[in-house]
Amino acid sequence: LKELSLSLSLSLYIYIYIYIYIYIFALFLLFVTRLYQLSKAGKLCVPAMNVNDSVTKQKFDNLYCCRESILDGLKRTTDVMFGGKQVVVCGYGEVGKGCCAALKAMGSIVYVTEIDPICALQACMDGFRLVKLNEVIRQVDIVITCTGNKNVVVRENLDRMKNGCIVCNMGHSNTEIDVASLRTPELTWERVRSQVDHVIWPDGKRIVLLAEGRLLNLSCSTVPTFVLSITATTQALALIELYNAPEGRYKQDVYLLPKKMDEYVASLHLPTFDAHLTELTDEQAKYLGLNKNGPFKPNYYRRVAVRSL
Ligand SMILES: NC(=O)c1ccc[n+]([C@@H]2O[C@H](COP(=O)([O-])OP(=O)(O)OC[C@H]3O[C@@H](n4cnc5c(N)ncnc54)[C@H](O)[C@@H]3O)[C@@H](O)[C@H]2O)c1
């Protein structure tokens with residue numbers, strides 16, 4: 001009994017932590033853009049660290065977390081079988097790459113839409129068909145948005161989807177799917193279970209809308225605790241850096257996490273995998289012009305687009 005109550009209270013703590021994380025995560029995305037706006041307007045009164053665009057956050061939260069949670073979220077809500085299903089993923093950034101990789105591995109036929117030729121070319125080189133949404137909208141079984149944009153899936157697209165098509169969002173807030181356009185008198189909404197709505201057209205066609213267009217994984221699945229650990233470490237280090245920094249190092253502006261700290265966050269998590277990192281020899285460090293203890297990449301080597309206004 002003692003062991004049972006211990007494990008129950010432990011699970012309770014984990015759940016509380018996950019929910020707090022989800023809440024903070026949603027606020028986080030809004031805050032970063034807002035912080036840049038304040039800084040631009042000269043209204044930011046303290047230094048701020050943009051942890052959201054650090055490499056460890058972008059790679060692990062956006063790519064690897066979504067690679068796992070897209071399948072989890074779809075399974076929990078719809079129990080869909082992925083093999084042979086036709087899926088269109090809108091946006092081939094970090095989140096889109098994670099979703100596409102997971103679905104491809106499960107045997108789905110994956111199409112990608114993109115507006116950026118570089119990400120579009122990456123999708124092609126990774127073996128996905130690059131299409132416009134309206135070219136495949138009639139035939140796909142699942143539509144997933146991951147663009148950070150608004151009105152990526154609009155009523156016209158929803159009208160043309162086939163019966164039973166699943167529609168969900170892994171990207172920004174609830175702006176990507178124009179859910180408001182489905183609140184019209186001729187369409188009937190049927191709540192089939194928590195976070196799952198059938199929207200029914202007059203001819204009987206149904207689409208399956210998940211989480212009313214909000215983020216699927218944050219609404220319908222769990223977030224891997226390993227990813228939580230990486231993101232939380234990044235946040236904690238950013239706070240320590242801001243607190244300990246000597247006067248004048250940071251002004252009233254928004255900063256990216258120093259590269260060395262990003263590397264430190266990653267190195268703290270390597271022992272989990274019993275991973276053995278190679279050390280530079282003195283000769284190699286000199287040849288590359290690096291300090292043997294890092295940072296190992298220049299600050300501009302971010303692999304990710306830095307948020308712009
Ligand atoms: N679900 C989650 O757990 C989770 C995790 C991290 C980030 N996010 C959110 O997901 C969104 C995407 O994040 P990311 O890191 O992949 O960003 P990203 O900028 O790397 O990728 C977004 C991609 O969408 C493309 N795009 C923009 N408008 C488009 C359109 N109309 N049609 C097709 N493609 C379009 C962009 O060119 C870009 O390549 C963001 O809003 C982010 O906040 C969600």
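Whatever order the structure lists ligands and atoms in, that order sets their numbers, starting from 1.
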Less than 6.0 Å separating the ring centroids of Tyr92 and Phe128? yes

Same cluster or not: Leu210 versus Val199, using hydrophobic residues (I, L, V, M, F, W, Y) connected whenever any side-chain heavy atoms lie under 4.5 Å apart? no

Do NZ/NE/NH1/NH2 and the carboxylate oxygens of [X] and [Y] come within less than 4.0 Å?
X      : Y      : result
Arg249 : Glu241 : yes
Asp282 : Lys286 : no
Lys57  : Asp53  : no

Under 3.5 Å: N/O of [X] near N/O of ligand 1:
X      : answer
Gly171 : no
Asp61  : no
Tyr92  : no
Lys57  : no

Hey, is Lys97 touching ligand 1 through its side chain, its backbone, both or neither, going by heavy atoms under 4.0 Å? neither

Select one of side chain, backbone, both or neither to describe which atoms of Cys146 lie under 4.0 Å from any atom of ligand 1, heavy atoms only. backbone

Run the numbers for me: atoms of ligand 1, each under 4.0 Å from some heavy atom of [X], listed by number.
X      : result
Gln58  : 15 (O)
Cys66  : 1 (N), 2 (C), 3 (O), 4 (C), 5 (C)
Thr113 : 33 (C), 34 (N)
Met170 : 1 (N), 2 (C), 4 (C), 10 (O), 44 (C)
Gly93  : 16 (O), 18 (P), 20 (O), 21 (O), 23 (C), 39 (O)

Ignoring hydrogens, just give me the one of [options] whose non-hydrogen atom is nearest [atom].
atom                    : options                       : answer
atom 1 (N) of ligand 1  : Val152, Leu63, Asn217, Leu218 : Asn217
atom 14 (P) of ligand 1 : Val95, Asp53, Asp116          : Val95
atom 32 (N) of ligand 1 : Ile115, Asn151, Asn149        : Ile115

If only atom types and distance count, is the side chain of Lys75 paired as donor or acceptor with the main-chain N or O of Val80 below 3.5 Å?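 Side chain of Lys75 to backbone of Val80, a donor-acceptor pair under 3.5 Å: yes, one is there.
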
Short question: side chain of Arg155, backbone of Ser181 - any donor-acceptor pair under 3.5 Å? yes

Test item, Cys65 contacting ligand 1 (heavy atom, 4.0 angstrom): no

Taking all atoms of both residues into account, what is the closest heavy-atom pair of Lys104 and Gly127, and its distance? NZ-CA, 4.2 Å

Taking all non-hydrogen atoms of both residues into account, name the closest pair between Gly98 and Leu63 and its distance.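 Shortest heavy-atom separation between Gly98 and Leu63 comes out as N-CD1, 3.4 Å.
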
Given side chains that start at C-beta, do those of Thr56 and Asp61 come closer than 4.5 Å, heavy atoms only? no

